[in-house]
Engineer: 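Attaching a single structure in structure tokens format; questions to follow.
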Amino acid sequence: MDNHMIAVVGAGTMGHGISQVAAQHGYEVLMWDAAPGVVERAIGIIGDRLAKQVAAGKLPESERQQTLKRLVPVTRWDDLASASLAIEAVLEVMEVKKEVFQELDRVLPADALLATNTSSLSITEIAKVTRRPGQVLGMHFFNPAPVMKLVELVRGEETRDDVVQRAETFAHSIGKETVVVQKDTPGFIVNRVLMPLFIEAMRILEEGIASAEDIDKAVKLGLNHPMGPLTLADLTGLDVDLHVMDYLYDEFHDDRFAAPMVLRRLVRAGHYGRKTGRGFYRYS
Ligand code: CAA
């Protein structure tokens, strides 16, 4: 990016993961969240995570300190005015995202890029609320963002070629690999492949065919995946997974994406997976 200053809007799991990677690669990161205290908590989590790497001899303490210094909590939209790229990682709710993009469009410089980390929503629809739809695109990171190599770059209808190239250059500068999703399509590539896998694993559980542990073990060892699908669903967040499935189902009208009742019941009970301490598994 032109001035090595970016904004990350939303400091939940994805927001703080993205902030950490960018700061570790030399970017100053302006961190904003609607809820008070969330950014400070996120910086605390990043500090603890980096401290573990220092303790394991994988990171010099000086680098930890420098990374933390590059994370700048901000509270007003106008504080984001120097960023040349904003990455939005707020709730997967279209109306919330539209409000955020209106503010970003108002305060960021005219040539700045506005990216959304949405995992499935329409880039075109988000871009439409701005005066610069050509400079809006999807930059979809994966959980855990500091570790996962991929960023899906997703074009909206109006996204310009040079904007995709600038986003690609940025992603490479923070150590990520990219793929370009040429059409704004629900679920892009990864979630379109992943959700049917989650759904089938949940149906096998629901039908009493195998235990959660055995379903995960089967996929891990039988397909050489690093995690079984139910463990991974707990990691990505069952609330997020359900949201993505419902959106794909609404868009495609296809039973491949119909969310299983076992998932709906867990989400209704507030069991969102690892982040709430309970999902398909319990976490202490
Ligand atoms: N945040 C930051 N770093 C983390 C982390 C986290 N939540 N979890 C693990 N790590 C780091 C560890 O610190 C460790 O780093 P070092 O090598 O520097 O020590 C490294 O990752 C490996 O961790 P572990 O040895 O503890 O465990 P592991 O080897 O089993 O790897 C894993 C953990 C990387 C999460 C691995 O199990 C994995 O790749 N799982 C699949 C993850 C995946 O598929 N994510 C995509 C989800 S889909 C999505 O995100 C899209 C969506 O829109 C829903």
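Numbering of ligands and ligand atoms starts at 1, following listing order. Note that the numbering runs from 1 along the sequence shown for the chain. Below, all heavy atoms of this structure are taken into account, side chains as well, without hydrogens, waters or symmetry copies.
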Engineer: Quick check on atom 3 (N) of ligand 1 - does any protein heavy atom sit closer than 4.0 Å to it?
Structural biologist: yes

Engineer: Where does the angle between the aromatic ring planes of His4 and Tyr27 fall among parallel (under 30°), tilted (30 to 60°) and perpendicular (over 60°)?
Structural biologist: parallel

Engineer: Just need the protein heavy atom nearest to atom 50 (O) of ligand 1, so name the residue and atom and give the distance.
Structural biologist: Asn143 N, 3.0 Å

Engineer: Which protein non-hydrogen atom lies closest to atom 47 (C) of ligand 1, naming both residue and atom, and how far is it?
Structural biologist: Thr236 CG2, 3.4 Å

Engineer: Please report whether atom 42 (C) of ligand 1 has a protein non-hydrogen atom at a separation of less than 4.0 Å.
Structural biologist: yes

Engineer: Below a 4.0 angstrom heavy-atom separation, can you tell me which part of Lys52, side chain or backbone, both or neither, approaches ligand 1?
Structural biologist: neither

Engineer: Looking at atom 24 (P) of ligand 1, is any protein heavy atom nearer than 4.0 Å to it?
Structural biologist: no

Engineer: Under 4.0 Å, heavy-atom basis, I'd like to know which part of Leu232 is in contact with ligand 1: side chain, backbone, both or neither.
Structural biologist: side chain

Engineer: Going by heavy-atom distance to atom 53 (O) of ligand 1, choose the closest among His140, Gln20, Met148, Glu92.
Structural biologist: His140

Engineer: Salt bridge check, Arg76 against Asp79: does any charged N sit closer than 4.0 Å to a carboxylate O?
Structural biologist: yes

Engineer: Using a strict cut-off of less than 4.0 Å between a Lys/Arg side-chain nitrogen and an Asp/Glu carboxylate oxygen, indicate whether Arg155 and Asp161 qualify as a salt bridge.
Structural biologist: yes

Engineer: Any non-hydrogen protein atom below 4.0 Å of atom 45 (N) of ligand 1?
Structural biologist: yes

Engineer: Which residue supplies the protein heavy atom nearest to atom 33 (C) of ligand 1, what is that atom called, and how far is it?
Structural biologist: Met227 CE, 4.9 Å

Engineer: Apply the test side-chain contact (heavy atoms from CB on, under 4.5 Å) to residues Phe257 and Asp250: give CA-CA distance (whole Å), side-chain angles for both, the deciding distance (0.1 Å), then the verdict.
Structural biologist: CA-CA 9 Å; Phe257 304 113; Asp250 285 348; over 6 Å; no

Engineer: If you count every heavy atom of other residues, nucleotides or ligands that lies below 6.0 Å from Arg106 atom CZ, does the total exceed 12?
Structural biologist: yes

Engineer: So does Asp105 pair up with Lys98, basic N to acidic O under 4.0 Å?
Structural biologist: no

Engineer: Backbone or side chain, does any N or O of Asn191 fall under 3.5 Å from an N or O of ligand 1?
Structural biologist: yes

Engineer: For ligand 1, does Val190 get within less than 4.0 Å through its side chain, its backbone, both, or neither, judged by non-hydrogen atoms?
Structural biologist: neither

Engineer: Could you go through Glu206 and Arg203, starting from their C-alpha distance and side-chain angles, then the distance that decides it, and tell me whether this counts as salt bridge (Lys or Arg N to Asp or Glu O under 4.0 Å)?
Structural biologist: CA-CA 5 Å; Glu206 230 168 24; Arg203 285 182 185 152; 5.8 Å; no

Engineer: What residue and heavy atom of the protein are closest to atom 13 (O) of ligand 1, and at what distance?
Structural biologist: Gln53 NE2, 4.7 Å

Engineer: Is Met14 close enough to touch ligand 1? Criterion: a residue heavy atom under 4.0 Å from a ligand atom.
Structural biologist: no

Engineer: What is the closest protein heavy atom to atom 12 (C) of ligand 1, and at what distance does it sit?
Structural biologist: Val147 CG2, 4.9 Å

Engineer: Closer than 4.0 Å and a protein heavy atom, does any atom meet both conditions relative to atom 37 (O) of ligand 1?
Structural biologist: yes

Engineer: May I ask you to decide if the ring planes of Tyr281 and Tyr283 are parallel, tilted or perpendicular, using 30° and 60° as cut-offs?
Structural biologist: perpendicular

Engineer: Does atom 27 (O) of ligand 1 have any protein heavy atom closer than 4.0 Å?
Structural biologist: no

Engineer: For ligand 1, which part of Leu194 has a heavy atom less than 4.0 Å away: the side chain, the backbone, both, or neither?
Structural biologist: side chain

Engineer: I'd like to know whether Lys97 forms a salt bridge (Lys or Arg N to Asp or Glu O under 4.0 Å) with Glu125, so could you lay out the CA-CA distance, the side-chain angles of the two residues, the decisive distance to 0.1 Å, and finally the verdict.
Structural biologist: CA-CA 10 Å; Lys97 294 205 188 274; Glu125 193 175 340; over 6 Å; no

Engineer: What residue and heavy atom of the protein are closest to atom 16 (P) of ligand 1, and at what distance?
Structural biologist: Lys58 NZ, 3.3 Å

Engineer: Which residue and non-hydrogen atom of the protein lie closest to atom 51 (C) of ligand 1, and at what distance in Å?
Structural biologist: Phe142 CD2, 3.4 Å

Engineer: Which protein non-hydrogen atom lies closest to atom 7 (N) of ligand 1, naming both residue and atom, and how far is it?
Structural biologist: Pro144 CB, 3.4 Å

Engineer: Is Asp234 salt-bridged to Arg278, going by a charged N under 4.0 Å from an acidic O?
Structural biologist: no

Engineer: Would you find more than 12 non-hydrogen atoms of other residues, nucleotides or ligands less than 6.0 Å from Gln182 atom CD?
Structural biologist: yes

Engineer: Is Tyr247 reachable from Tyr249 through a run of hydrophobic residues whose side-chain heavy atoms are each under 4.5 Å from the next?
Structural biologist: no

Engineer: Applying side-chain contact (heavy atoms from CB on, under 4.5 Å) between Met139 and each of Thr178, Leu153, Asn117, report the one that passes.
Structural biologist: Leu153

